[in-house]
Amino acid sequence: MNHFLNLKDIKVYDLRKILADAKKRKNLRKKMNTLEIDNGSPLKDKLLIQMFEKSSLRTRLSFYLAIKQLGGGAVTLRSNELHLGHGGESIEDTAKILSTFGDGFMFRTDSDKKVEKFKTYLSIPLINGLSPSSHPTQVLSDIFTVEEIKKKSISKLKICWIGDSNNVLNSLIAASVKFSFKLSVGCPKKFGPKKEIMHWVKKNKKKVYIYNDPKKAVHGADVIFSDKVISINDKGNKKLKMKEFKKFKITNKLMNYANKNCIFLHCLPRGNEVTNEVFLGKKSHVWLQASNRVHVQKSILLYCFGKLG
Ligand code: CP
Ligand code: NVA
């Protein structure tokens, strides 16, 4: 079995295997209905338990469909309905029960420490469905989308992130090292990536280009990514932050500083970091990006269950 917690810790060989499997499965599903089961029912009789401590639309639905299409089932828990959520039961005991009843655990949380603790006590695969420090399932799926649209390896493209240095960017940085693509980041000075992340990049002999001018950041970009300026449960001064990010709004004018065929991607939900013209415009592929999560999630599940070819 394998956990799926952070792209930094997964071999690129395995990440590539997941992407290849997702491509194959997506092609095979063209004429299939939503809940039709993939040939061979590879996760027949397996139960995925999902738990959310924070809101979710896409991650919740895509994991539900993913396990169902592989022949298994899912149950979704809200942490505040468990004893754990009220401090009435330990992570250790909760993890033992989850491992007794379920075959895999997908967890969205506000605490990286909790991810580590669950990992210690679970005897079933654990998937990080978003934590303060990373959103690995989102970014692996985004790489799938980029390669599907651009029809070439992401290592041949220049990727740009305009936005906050949040969990999604952390995973994108990890991916840039793993998949060797050029990554530029456009953000206000105070909101750059954390030192330890940049240190990890340096340790791996790679570079991420940080600009405090959005035009410089998007120059020559093939893909522009963005995300909400204010993440769920962001503890900082929101008003001040929004003001700082004002000149980083993604407009058609800013898109014009990138490559002619540059595409726009956004993990959703969106705030006002991007104009409607860009978000709903020709260069935007956000709906395909969201729908691809099902395909990639399926191959992540197979990797976790040790069933990936
Ligand atoms: N992009 C994403 O993870 O969406 P949800 O928060 O709706 O799951
Ligand atoms: N950075 C965002 C991503 C949401 C999918 C958040 O953590 O809220």
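Note that ligands are numbered from 1 as they come in the structure, with each ligand's atoms numbered from 1 the same way.
- Under 4.0 Å from ligand 2, the heavy atoms of Leu130 that appear belong solely to its side chain.
- Residue Leu57 has at least one heavy-atom neighbour below 4.0 Å for each of these atoms of ligand 1: 5 (P), 7 (O), 8 (O).
- The cationic atom of Lys182 (NZ for Lys, CZ for Arg) lies less than 6.0 Å from the six-membered ring centre of Tyr209 and within 45° of the ring axis.
- In this structure, the protein non-hydrogen atom closest to atom 3 (C) of ligand 2 is Asp227 OD2, 3.5 Å.
- The closest approach between any non-hydrogen atom of Leu268 and ligand 2 is below 4.0 Å.
- Residue contacts with ligand 1: Lys54 is excluded, as none of its non-hydrogen atoms falls under 4.0 Å.
- At a 3.5 angstrom cut-off on N or O pairs, Ser231 counts as close to ligand 2.
- At least one donor-acceptor pair under 3.5 Å links the side chain of Thr94 to the backbone N or O of Ser90.
- The Arg293 neighbourhood of ligand 1 comprises atoms 1 (N), 2 (C), 3 (O), with distances under 4.0 Å to a heavy atom of that residue.
- Every residue two or more places apart in sequence or in another chain was checked for a salt bridge (charged side-chain N to carboxylate O under 4.0 Å, His left out) with Asp93, and none qualifies.
- If you number the atoms of ligand 1 from 1 as listed, the ones under 4.0 Å from a heavy atom of His135 come out as 2 (C), 3 (O).
- If you look at Leu268 next to ligand 1, the close heavy atoms, those under 4.0 Å, all belong to the backbone.
- Here atom 1 (N) of ligand 1 lies nearest to Gln138 when heavy atoms of Lys228, Gln138, His266 are compared.
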Would you sort out whether Ser62 and Gln297 count as a side chain to side chain donor-acceptor pair (under 3.5 Å), showing the intermediate values? CA-CA 7 Å; Ser62 55; Gln297 241 72 291; 2.9 Å; yes
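- The side-chain tip of Lys215 points at the ring of Tyr257 from less than 6.0 angstrom away and within 45° of straight on.
- Residue Arg108 has at least one nitrogen or oxygen atom sitting less than 3.5 Å from a nitrogen or oxygen atom of ligand 1, judged on distance alone.
- For Lys54, the NZ atom counts as densely surrounded, since its 6.0 Å shell holds more than 12 non-hydrogen atoms of other residues, nucleotides or ligands.
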Would you please test Ser131 and Asn128 for side chain to side chain donor-acceptor pair (under 3.5 Å) and show each step? CA-CA 7 Å; Ser131 72; Asn128 178 356; 3.2 Å; yes
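- Between Phe105 and Phe107, the ring planes are parallel. Angles under 30° get that label, and only those over 60° would be called perpendicular.
- Considering backbone and side-chain atoms together, Cys267 places an N or O closer than 3.5 Å to an N or O of ligand 1.
- Considering only non-hydrogen protein atoms, atom 4 (O) of ligand 1 sits nearest to Arg58 NE, 2.9 Å.
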Could you check Asn292 against Ser141 for side chain to side chain donor-acceptor pair (under 3.5 Å), going step by step and ending with a plain yes or no? CA-CA 6 Å; Asn292 274 339; Ser141 179; 5.8 Å; no
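- With a 4.0 Å heavy-atom cut-off, ligand 2 is reached by the side chain of Asn166 but not by its N, CA, C or O.
- The atoms of ligand 2 that sit less than 4.0 Å from any heavy atom of Ile232 are 6 (C), 8 (O).
- Counting protein heavy atoms only, atom 7 (O) of ligand 2 is closest to Asn167 ND2, 2.8 Å.
- The aromatic rings of Phe245 and Phe191 lie tilted to each other, with the angle between the two planes from 30° to 60°.
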